[in-house]
Every structure is written in structure tokens, then in C-alpha cells.
Amino acid sequence: MAKPTFYITTPIYYPNDKLHIGHAYTTVAADAMARYKRLRGYDVYFLTGTDEHGQKIQTRAAQAGLPPKQFLDPIIDWIQSLWKKLDISYDDFIRTTEERHTKVVADIFERLLKQGDIYLSEYEGWYCTPDESFWTERELKDGKCPECGREVQFVREASYFFRMSKYVDKLVQYYDENPEFIEPVGRKTEMLKNFIEPGLQDLCVSRTSFDWGVHVKSDPKHVVYVWLDALTNYITAIGYGSDNPEQRAKFEKYWPADVHVVGKDIVRFHTIYWPIILMALGLPLPKKVFGHGFFLAKGGKMSKSKGNVIDPLRLIDRYGRDAFRYFLLREIPFGQDGVFTPEAMVERLNYDLANDFGNLVHRTAAMLGRFTDRIVPEPGARVEQDEALAELAESTRAKVEEHMDKMQFSLALTEIWNLVRAANKYIDECQPWRLHKEGQTDRLQTVLYHMVEAIRVSTILVQPFMTDAPAAIRQQFGWTADEFAWTAAVIGMGGHGKHVAEAAPLFPRLDVEKEIEALTEMTTNQHTTAKAEPQGAAKVAPTGKPQIGIDAFDQVELRVGQVLTAKKVEGADKLLQFDIDLGSEKRQIVSGIAKFYQPEELVGKKVVVVSNLKPAKLRGVESQGMILCASEGDKLSIVSVPDSMPNGAIVK
Ligand code: MSP
């Protein structure tokens, strides 16, 4: 039986500047989705490319003293090498300067002209060259482009127009009948309110004031408007209008697209103009346009003039592509804006990758080395703990599928990491080293087998996001293709008796201060005038931390505790050491509040403890959690709860 198809696209990129991490974000997200669908058995076609025509490129090429094509070629090479570095698994890369595209664009224009959807008139209004978009006087914001805030030019020239108004009712009907067409749903409301309800203007679809573009066949002094040219790439790349029957069969096979992944700034083009062009051509409309949010840097939107552009290559070179890809998709819920901060990046890499995932793999391989000559043992009878881990693994796969089907990458990763953390906890609780010491060989074998299986399941599930680590882990543990299939992500489907190779830790632990310094240097550019305030609809907390979902908050366990003992830490004038009663257990916690409290006054006090914080040593004394305090300037106060609240109660 033929596999179901899945056609996914990224926008095609303007090759006028080097791409930054915001651009990489769109492509990494689309790649994760394409990989996921392939793992689920789909016949995937993943398209990306470059948008090479228009006034902006012509001007840039002229400034460089080169014919446009010559100016463009090395930039396209650079973009392709960036995608290679990021292991982007695209099936096709289209350049709008290729003949397979230009010829069809010219034909489409003629057809639309002939059928009366395009007519000749005169354009008088404003044009934003960097965005290649037209604006009416009313739409301008303080006389500038409402989208990007840059200068606009007044344009008056003979132009062809597309009769958008003719199709607008049909478009709204399509929105109504296909509630999942625009996601997240808020973007649909924006389109209706900002562009459709005020009355959709006919769109100017040709220019005469420059000539770098596809010339209108019947009137060659006009070049086709760059957005009409660019959007059409989604069908020309898969053979629409081609003379070659094989190419046309490809179009029949894959069209309509399952999803166009785009940034929020270009949702308008993809959910209004593009569907209308397709209607005029009598073609089915894409099933979904997903408009993700923006990756902002300090100072708001990344731009050369603000000097806050973050170069993806530098991050990849320093941390590796797996870490980079993981960070992009884990940090911000897909659809929302978020701010890149060095602190968040270092934390993610240290906690999630080095401490959780990397450590799970490393300690398991090390224990196999110590206890079983590196052989995965045969498991014996399962006990409750093993069952619980197996059940969690199975439900994790189901939840990952549910989130991936909605393109909620950060939620899918949260589920995978719940499993990874549960596997680490399973090891801590089962204590294989104790089983070995006590000669409980059967139990030891079962536990080691389950550890390996939890790694196998997590590694299968992480494949859409990372590419090097899964391949390396698979090789280290010697899993066959069957054992590594998506459907085999169940504990118990992996064999035993395999030899597990020795390997270096996958993700090194980073020196926090050093890395934050290095990242800060990479993300700021001294000779510019960066504005301090984030712009636009960036949803950020006052500390500059990105907004988080309830899932991220849910990972923090806060409990009521009571101070049993308190004393100063010798040789450290800022630290107090406490024994805290957490209801079911006693914890030793060290806190830097000696300047604000005398130890005696705290005994008996009810406090709030972050109880799932990884233990850390402060001046050689282990701290197993953290006491919450409020502080401002030189004031500090412990957060407390009434005495009637029992020790161990959850705070949320
Ligand atoms: N050429 C048009 C697209 C034509 S598609 C028929 C274009 N190109 S672009 O190079 O400017 O942008 C490419 C993609 O990068 C867009 O989806 C855009 O939203 C995305 N991003 C650019 N900066 C971004 C961030 N700072 N954050 C997230 N995505 C951003 O638009």
C-alpha cells in the first residue's frame, strides 16, 4: 500500500543578508516535523529555498557592483551550508531564479490576465522595500511601515492588479469550514480584523521601476511582484505547470501542502493572498499555515541596525547542532514569541542535556561495564517499579505523538524529558550498585535491562529534534533498525545479549559563568545603538525571562517545610545551614541569608522549599533544595505560610 504523503514547506529566504537564529528557527521547526512524519511512516516532501527577485536584491547587487545572479550565488551556497550544518533534511531546495520556476510564474500571470483576475491600472501609494510590501496611507504607522517600522517610499507607476475582492467571501468561507487552517487560532482573528473586515484591497502585482524579476510575457516592461513570484514556489517546485509528466505527477501526489510553516510577519501573505491565488488557479488550498512567533534578542527583534543579530554558526560551532536544535525548540512554545538569553541557553544545556539525558546514557553504560562486562542482560520478572517505568514510556510515546501532531514541539520535549528524569530516578531508587554488592543478580539484571530500554525509548523519540546523538547512542548500544523504529518505542522490544561500547559523555557540562560571558559577547555588538526595550508583541516578564507554559512551571516542586535547626556555616559569613522538616523527610539546606536573619529566630518557622532542585555544594556543605525569599535592593524576607499548613504540603 502506498504511504500517506506529507508535504511541508518553509518560507523561501531572502538572500540579501546572512541568516540569523530567527531564520534558523523556522527551518529547524519544519525539519523536526518532517523527521517526525517520516518516522511515523509518511512519504514526506520537505521544501525550502530562496526568494531571489525584487528591488531589494537588485539594489544590494548594484551596491556590490555585481550582476544579481553573481551576487546571489555565494550567498545561496552559504545558506545551503548552514542547512547542512544543521542537518536539515529537505528534499528540495528551490531558487526562484531557476527556469522551472520563472517559466511557470510567467505562464500563471498570463493565465490570470486572460481570465480577468489581473487587470492593468495605476498604483499610487507606499512601498516598503525591505519587506517588499505595499501599504495605503491609512495603514502606515507614524508614516513608517507598520510591519517593520522602516522608511517607506512613495510609488506611482502603471501596474497590474489582482482582483482580491472577488474571492474574499470564498476565503472567509474556507476559514470557517477549516478551523485548523490558520494556527495558532489567534492569527486568524488578526487576519480577519486587520485585513479582511476593513475591506480587502486589490493587490498590486507588477512593478516597472526596476527589472530584477520575472517579466510579464505580454508586457515585458513589467516584472511580476515578488510575493506573487515567491508564493508560487510551493507549487512550481513540485512540478505544477511543468512540461515534464514526471514532474506533474509529483504535483498530483503532494499537492495540497499539509503545512506551510511561516513566521508571524508573513502570515498575511500565506493566509490571504496565497489562498486567493490558488482559488483563481482552481487549485485546492493548503491544509494548514502555522504562524510561529519571533525569537527576539535583547533589544527586541533581531536586526543589523540594532546590532543584536545572533549568528547561528557561532552557536553551532561552540555547542554542536543537537544542542542548538534542542534549545530552539524546547525553550519557546511554538506559536509564541520568546527572548534568547544566554542564561536560559546554558541552563538548558547543562540541566537537560548534560545532567539528565547525557548522564542517563553515560551512567548506564558505565554500570554495564562494571557489572556485566558491557553486555545488556536478560531481564527477569518485573516488579512494580519496572512496570511503572514501562507504563510511563508507553504513555510518553502517545503524548509525544499528540503534541507533535499539533506542532507543539516544546511540549513533546517536556514529555520525553519526564521519561529521562524518571529513568534517572529509577536508577537512584533501584541502586544497581547495591544490588551488585548484595549479590542480587536477577534483580540487578532486570534493572539494568530497564535502564537500557528507557534510553532506547527516549532516543527513538528524540530523533525529530536531534540528529547526531541518536545515531551515536544507537551505534553504542547496537540497536537494529527494527529496534529503533518509532513503533518499537516500548520497553521490552529491545533485545538482550548485545555488547555496549564505551563512549565519551554526549553533552559536556558547561562552566556557567564562562559560557554566559561567551554568549553575551556573541549576542551583542558594541558599535551599535541597541534599544533596551523589547518591541512589538513580545510577551516577556519584567526580568526579561521568556514567558513559560504551565508545563514548565509544573516541573518545579514547591513544598511547605519547617525549620528544625539553623546555624552559621563556618568560614562563610553569608551562609546559614538548616535542617528542614518536609513532612515525609528531613532535608539539609544551605541559604545565603545570614546577613538578614539570626539562626535562632528562624527555628520553627514555616518556609517554602524548592524540593526538586538538584543538590549542590555551597562552601563544601551539601544543600538539598532552596528556601524561597523575596528581595529588592538590600531588603530580604523569607516567604512564609501560616503555621496551620502541614509540613510537606504542595505550594502552587
Ligand atoms: N522571502 C520571504 C518569504 C517568502 S515565502 C513565499 C521572507 N523571507 S525572510 O528571509 O525574511 O524570512 C524567512 C523566515 O524567517 C520567515 O518565516 C520569518 O518569519 C522568519 N524570521 C525572520 N526573523 C525571525 C525571528 N527573529 N524569529 C523567528 N522567525 C523569524 O519573509
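Both ligands and their constituent atoms are indexed starting at 1 by order of listing. Quick caveat: nothing in here was measured; it's all calculated off a predicted structure.
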Exercise. What are the atoms of ligand 1, with element, lying closer than 4.0 Å to any heavy atom of I266?
Worked result: 3 (C), 16 (C), 17 (O), 31 (O)
Exercise. Closest non-hydrogen protein atom to atom 30 (C) of ligand 1, residue and atom name please, with distance?
Worked result: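 For this ligand atom, the closest protein heavy atom is G22 O, 3.5 Å.
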Exercise. Would you say A297 contacts ligand 1, with heavy atoms under 4.0 Å as the rule?
Worked result: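 No.
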Exercise. Any luck finding a side-chain donor-acceptor pair between E132 and Y225 under 3.5 Å?
Worked result: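 No, because no side-chain N or O of E132 sits under 3.5 Å from a partner of the opposite role on Y225.
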Exercise. Counting each atom of ligand 1 from 1 as listed, which ones have a heavy atom of D51 under 4.0 Å away?
Worked result: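 Result: 1 (N), 2 (C), 4 (C).
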Exercise. When the ring centroid of W417 is compared with that of Y326, is the distance short of 6.0 Å?
Worked result: yes
Exercise. Considering only protein heavy atoms, which is closest to atom 9 (S) of ligand 1, and at what distance to one decimal place?
Worked result: Y14 CD1, 3.8 Å
Exercise. Can D43 and Y254 be counted as having a side-chain donor-acceptor contact under 3.5 angstrom?
Worked result: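 Checked: D43/Y254 side chains pair up, N/O donor to acceptor below 3.5 Å.
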Exercise. At a 4.0 Å cut-off, with the gap strictly under it, does some heavy atom of F269 reach an atom of ligand 1?
Worked result: no
Exercise. Does ligand 1 have an atom that lies less than 4.0 angstrom from a heavy atom of H23?
Worked result: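 In this structure, H23 qualifies as a contact of ligand 1 - some heavy atom is under 4.0 Å.
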Exercise. For E132, is the nearest heavy atom under 4.0 Å from an atom of ligand 1?
Worked result: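 E132: no contact with ligand 1 (<4.0 Å).
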Exercise. Are there more than 12 heavy atoms of other residues, nucleotides or ligands under 6.0 Å from atom CD of E180?
Worked result: no
For this session: Could you check atom 19 (O) of ligand 1 against the protein and tell me its nearest heavy-atom contact, residue, atom and distance included?
Result: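 Looking at atom 19 (O) of ligand 1, the protein heavy atom closest to it is D265 OD1, 2.5 Å.
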For this session: Considering the heavy atoms of G263, write down every atom of ligand 1 situated less than 4.0 Å from one of them.
Result: 17 (O), 19 (O)
Problem set entry | Any side-chain donor near an acceptor of the partner, T129 and Q153, under 3.5 Å |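 There is such a pair between these side chains.
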For this session: Kindly confirm or rule out a cation-pi arrangement of R207 over F134, judged by NZ or CZ under 6.0 Å from the six-membered ring centre and within 45° of its axis?
Result: no
Exercise. Does ligand 1 have an atom under 4.0 Å from some heavy atom of Y234?
Worked result: yes
Exercise. Counting heavy atoms only, which of F340, W227, Y273, F295 comes nearest to atom 26 (N) of ligand 1?
Worked result: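 Selected option, by shortest heavy-atom distance: F295.
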Problem set entry | Close aromatic pair by centroid cut-off 6.0 Å: H101 and Y240 | no
